[in-house]
Amino acid sequence: MKKNSAIFSKQVLKIVSHIPRGSTLSYKEVARRAGSPRAYRAVGNILNKNFDSRIPCHRVIHSGGEPGGYNRGRKAKRAILTKEGVVIKK
DNA sequence: CGTATGACGTGCA
DNA sequence: GTGCACGCCATAC
């Protein structure tokens, strides 16, 4: 059922775009909302390939609170989150 | 169709 | 606290 996987990626992008400013979601949570709580790997992959400015992918971080990565640069991600009002542990 | 890759998560040494 | 290895899923080749 590749259609099912297709919706998953779509859901991920949709959910990420639904994240309010100043809030952050972990890959695990996003995958959970997308319908596959074990697809956090795919979430990161999809966001990485999906270069869409409408999707605040910088609001998606690891489960431990680490900023993780960003297709535009981890440094930028940290700066953006800080600007949004999100405090990173590291 | 099978293999390889990747912005992860968790467990263990 | 740090580092390594395994497991999971979707996508690309």
Side-chain angles (χ1 to χ4, degrees):
Chain A
M1 302 268 187
K2 53 176 135 170
K3 217 173 206 172
N4 201 27
S5 343
I7 64 149
F8 173 76
S9 52
K10 205 176 172 107
Q11 282 290 93
V12 172
L13 300 170
K14 197 182 189 136
I15 292 161
V16 174
S17 66
H18 286 182
I19 299 176
R21 175 185 171 282
S23 265
T24 53
L25 280 172
S26 58
Y27 296 95
K28 202 168 39 167
E29 299 213 17
V30 174
R32 198 190 222 302
R33 292 189 182 199
S36 295
R38 296 191 173 171
Y40 35 73
R41 269 277 204 166
V43 173
N45 253 347
I46 292 160
L47 292 176
N48 181 356
K49 279 174 159 203
N50 188 75
F51 199 84
D52 199 317
S53 303
R54 299 164 221 287
I55 296 168
C57 20
H58 57 261
R59 292 200 186 134
V60 186
I61 59 172
H62 288 202
S63 60
E66 294 167 73
Y70 191 40
N71 47 31
R72 292 229 33 265
R74 305 179 298 283
K75 195 175 172 166
K77 181 173 187 177
R78 182 167 71 79
I80 295 166
L81 289 172
T82 304
K83 250 182 211 282
E84 297 278 302
V86 179
V87 184
I88 300 168
K89 282 177 121 192
K90 272 181 128 186

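Chain letters run A, B, ... following the sequence lines, proteins first, then strands; residues in each count from 1.
- At the phosphate of B:dT10, OP1 or OP2 sits under 4.0 Å from a side-chain N or O atom of A:Lys28.
- Between A:Glu29 atom CD and B:dG9 atom C1' there is a gap of 13 Å when expressed in whole angstrom units.
- Set against B:dG9, C:dC9, B:dG6, the side chain of A:Ala39 has C:dC9 as its closest nucleotide.
- Between the OH atom of A:Tyr27 and the P atom of B:dG6 there is a distance of 15 Å, rounded to whole Å.
- Here B:dA7 presents its P atom at 19 Å from NE2 of A:His58, a figure rounded to the nearest Å.
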task = Would you please test A:Arg78 and A:Tyr70 for side chain to side chain contact (heavy atoms under 4.5 Å, CB included) and show each step?
result = CA-CA 9 Å; A:Arg78 182 167 71 79; A:Tyr70 191 40; over 6 Å; no
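- As a whole-Å value, the separation of A:Arg59 CZ from B:dA7 P is 22 Å.
- Taking NZ of A:Lys77 as the reference point, atom CZ of A:Arg74 lies at 10.5 Å (rounded to 0.5 Å).
- Side-chain atoms of A:Ser5 lie closest to C:dT11 of the nucleotides B:dA7, C:dT11, B:dT10.
- Per the geometry, CG belonging to A:Asn45 stands 19 Å off P belonging to B:dT3, to the nearest Å.
- The phosphate of B:dG9 has OP1 or OP2 within less than 4.0 Å of a side-chain N or O from A:His62.
- Atom C1' of nucleotide B:dG9 and atom CG of A:Leu25 are separated by 16 Å, given to the nearest angstrom.
- In terms of polar N and O atoms assigned as donor or acceptor, the side chain of A:Tyr70 never comes within less than 3.5 Å of the base of B:dA7 in a complementary pairing.
- Rounded to whole Å, the distance from NZ on A:Lys3 to P on C:dT11 is 14 Å.
- Look at A:Ser26 and you won't find any side-chain N or O under 4.0 angstrom from OP1 or OP2 of B:dG9.
- Using a 4.0 Å heavy-atom cutoff across all strands shown, A:Ala42 reaches at least one base atom of the nucleic acid.
- Rounded to an integer number of Å, the gap from A:Asn48 CG to C:dA10 C1' is 13 Å.
- Note: A:Asn4 CG to A:Gln11 CD = 10.5 Å, rounded to the nearest 0.5 Å.
- Proximity of A:Ser36 to the phosphate of C:dC9: no side-chain N or O atom is located under 4.0 Å from OP1 or OP2.
- Ranked by how close their nearest DNA chain C nucleotide is to the 5' end, A:Tyr40 and A:Phe8 are led by A:Tyr40.
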request  = Decide side chain to side chain contact (heavy atoms under 4.5 Å, CB included) for A:Leu81 and A:Thr24; before the verdict, give the C-alpha distance in whole Å, the side-chain angles of both, and the deciding distance to 0.1 Å.
outcome  = CA-CA 9 Å; A:Leu81 289 172; A:Thr24 53; 3.8 Å; yes
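- Among the nucleotides B:dG6, C:dC8, C:dA10, the one closest to any side-chain atom of A:Arg38 is C:dC8.
- In this structure, CD1 in A:Ile88 is found 5.0 Å from OG1 in A:Thr82, a value given to the nearest 0.5 Å.
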